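Both backbone and side-chain heavy atoms feed into the values below; hydrogens, waters and symmetry mates do not. Quantities reported herein were computed from a predicted structural model and do not represent experimental measurements.
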Amino acid sequence: MARIGVISISDGRDHVHARNARFLQSKQDALVRSLASAGHEVVAGSDLVATNTLATSVAREVAAAGVDVTIFYYAVWSFPHFTMLAADATRSPLILVASTDPTEPGLVGMLAAGGALDQIGRAHTRLWGAPDDADLAARVGAHARAAAAVASLRGSTFGRFGGRPMGMNTAVANTDQWMRQFGVDVEEIDQYELVLRAEKADVGEAAKARRWIEEHAGGVHYDGRKLTPELLERQIRSYLAIRDIIDERKLDFSGIKGQPELTEHFATMDVTEAFLNDPYDWNGPKPVHVTATEADMDGALTMQLMHEISGDPVLFADVRHYHADRDIWDLCNSGQHATWYAARSDDPAENLRKVHFYPEVFFFPAGGASVQHIAAPGQMTLGRLTRRAGEYRLQLMLGEFENYDDETNDALMRQSTPEWPHAWARLDAPAETFLSEFGANHIHAIPGDHRAELRAAAGLLGVEVHEWSRG
């Protein structure tokens with residue numbers, strides 16, 4: 001969850017503040033309890049702000065606690081210049097929250113403060129409601145999680161293994177723009193480093209991992225040519241190699257070019273990418289390390305933002321095919337649908353029972369295993385950061401993953417590439433609109449409805465939101 005600062009703004013007249021202080025404190029206490037009950041860490045100001053000096057000192061105190069977002073709370077009429085001073089003393093995103101209790105003019109205080117902030121160009125969000133209203137807490141929480149996710153990007157490092165894959169312009173971004181707009185640095189790493197380290201990786205650990213996969217997977221379909229135990233262990237050693245590089249270079253998220261060098265001459269990165277994105281491997285639970293196939297920079301950035309908001313692994317896929325007769329999209333990619341998506345279970349064995357490791361297809365002569373499954377059904381938030389004329393936009397929609405009987409699933413898979421992972425997605429966007437406007441071949445998804453958080457994050461990043469729905 002998030003760390004939220006709460007500062008209550010009062011009237012600057014001593015006799016009015018003395019009359020209002022108990023009322024204002026009781027409203028603040030109720031708001032703090034509501035936010036804490038929702039799972040957030042709340043840092044409340046040590047005093048109610050009723051003077052210009054308190055406006056500055058209380059805001060500095062709350063800011064020093066490292067809050068993700070700061071609430072200025074209005075339950076009574078509040079002198080607007082206190083808000084201006086407090087805003088100048090904090091750099092976190094601001095939420096102005098007004099009590100809707102009609103016995104006191106809290107809404108008036110918020111509007112006066114918000115208008116003053118507008119005049120100086122200080123961005124903020126305005127919310128209102130009873131302090132113990134669960135819906136208000138949820139709206140505050142969405143903004144706070146967005147602020148925390150955006151803050152986590154700043155000062156982070158993206159590890160880019162290899163360069164532009166197969167002439168894919170949408171996979172390459174301007175590193176100066178990334179630093180200026182998102183605060184993200186890019187560490188360029190040659191794929192040869194991965195090959196060298198994979199050759200030196202622990203063979204015993206790779207064998208242990210292979211046996212674990214063979215024991216728990218729905219099937220490992222060796223063919224003696226494109227997929228052998230040796231090739232599977234090479235993919236596992238690639239995973240171990242990248243884990244070492246991640247630790248050594250302090251990478252926060254990554255992308256692997258793969259094609260054509262590794263897929264032609266070494267092995268595919270499907271197994272490596274799947275387990276980097278998973279919240280576990282053969283040694284138990286571990287942090288997700290967001291990794292985009294084809295070194296897709298904007299894809300990886302989207303995934304990292306989605307992961308920081310949801311806490312879940314993030315799906316990466318090509319928009320492969322539209323089944324018009326079913327109004328269903330086949331989201332399919334030889335890369336890294338994390339195995340977690342097979343059942344979305346905390347138990348790796350439950351997920352892996354639905355995962356098959358097949359020999360790679362003709363695209364990839366070096367061979368290795370593809371990580372095949374059908375994504376579990378459920379509501380999903382889908383989208384991607386794309387660029388138009390150099391400006392970022394967040395293309396966003398809600399959708400539903402579906403699953404069918406074995407015969408139907410098999411028939412649908414065989415219309416594209418059955419050896420690869422698939423998600424049958426019903427998108428909340430008309431097919432004609434989506435195909436005419438979506439700005440990349442890759443799309444990303446997380447379970448649940450996280451549109452509110454992503455809208456808020458886009459606002460904090462200075463990114464327009466292009467949202468689609470059938471309505």
Side-chain angles (χ1 to χ4, degrees), residues 198 201-243 246 256 267-291 293 307 311-317 332-361 364 367-378 401 403-406 409-410 413 417-424 447:
D202 188 336
V203 295
E205 182 72 6
K208 169 187 168 184
R210 173 182 56 76
R211 290 191 295 269
W212 179 81
I213 291 170
E214 290 170 346
E215 178 183 353
H216 293 286
V220 180
H221 304 274
Y222 295 120
D223 67 351
R225 186 175 61 87
K226 296 291 288 290
L227 179 57
T228 65
E230 293 75 23
L231 272 170
L232 180 55
E233 288 188 21
R234 179 180 293 176
Q235 291 176 293
I236 294 164
R237 293 201 311 274
S238 299
Y239 167 82
L240 298 174
I242 287 193
R243 286 285 300 269
I246 289 166
I256 307 172
T268 61
M269 292 294 105
D270 296 44
V271 172
T272 297
E273 291 164 344
F275 283 115
L276 284 169
N277 283 285
D278 270 324
Y280 52 75
D281 62 15
W282 43 91
N283 290 316
K286 68 167 186 65
V288 167
H289 184 85
V290 163
T291 309
T293 196
H307 171 62
D312 291 326
V314 184
L315 191 91
F316 178 114
C332 169
N333 178 272
S334 176
Q336 37 58 303
H337 283 219
T339 68
W340 181 82
Y341 271 93
R344 298 207 304 273
S345 171
D346 292 333
D347 180 3
E350 185 176 348
N351 299 322
L352 285 165
R353 276 197 295 271
K354 299 176 180 290
V355 178
H356 289 259
F357 293 76
Y358 283 108
E360 279 291 12
V361 296
F364 311 126
S370 62
V371 182
Q372 190 264 9
H373 63 268
I374 296 170
F401 282 1
N403 214 326
Y404 311 113
D405 60 81
D406 290 346
N409 284 333
D410 186 65
M413 284 192 294
T417 306
E419 295 87 354
W420 293 352
H422 299 261
W424 313 130

Q.
For a side chain to side chain contact (heavy atoms under 4.5 Å, CB included) check, start with the C-alpha distance between T339 and N277, then their side-chain angles and the critical distance, and finish with the verdict.
A. CA-CA 8 Å; T339 68; N277 283 285; over 6 Å; no
Q) Where do L352 and W212 land on the side chain to side chain contact (heavy atoms under 4.5 Å, CB included) test, with the steps shown first? A) CA-CA 10 Å; L352 285 165; W212 179 81; 3.2 Å; yes
Q: Please lay out, stage by stage, how W420 and H422 fare under the test ring pair (Phe, Tyr, Trp, His ring centres under 6.0 Å).
A: CA-CA 7 Å; W420 293 352; H422 299 261; 8.2 Å; no
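Listed for the S345 side chain is no donor-acceptor partner under 3.5 Å among the backbone atoms of N351. One N or O on the side chain of K226 and one on the backbone of V361 form a donor-acceptor pair closer than 3.5 Å.
Classification of E233 and R210 as a salt-bridged pair holds, one side-chain N sitting under 4.0 Å from a carboxylate O. A salt bridge links R243 to D281: one of the charged nitrogens lies within less than 4.0 Å of a carboxylate oxygen. Between E215 and R211 no salt bridge is recorded (no basic side-chain N to carboxylate O distance below 4.0 Å).
Taking the six-membered ring where the residue is Trp, the centroids of H221 and H356 are separated by under 6.0 Å. Taking the six-membered ring for Trp, F275 and W282 have ring centres closer than 6.0 Å.
Atoms OG and CD, on S334 and E419 in that order, are 9.5 Å from each other to the nearest 0.5 Å. To the nearest 0.5 Å, atoms CH2 (W424) and CG (N409) are separated by 6.5 Å. Expressed to the nearest 0.5 Å, how far OG1 of T293 lies from CG of D270 amounts to 6.5 Å.
A donor-acceptor pair shorter than 3.5 Å can be found between the side chains of E214 and Y222.
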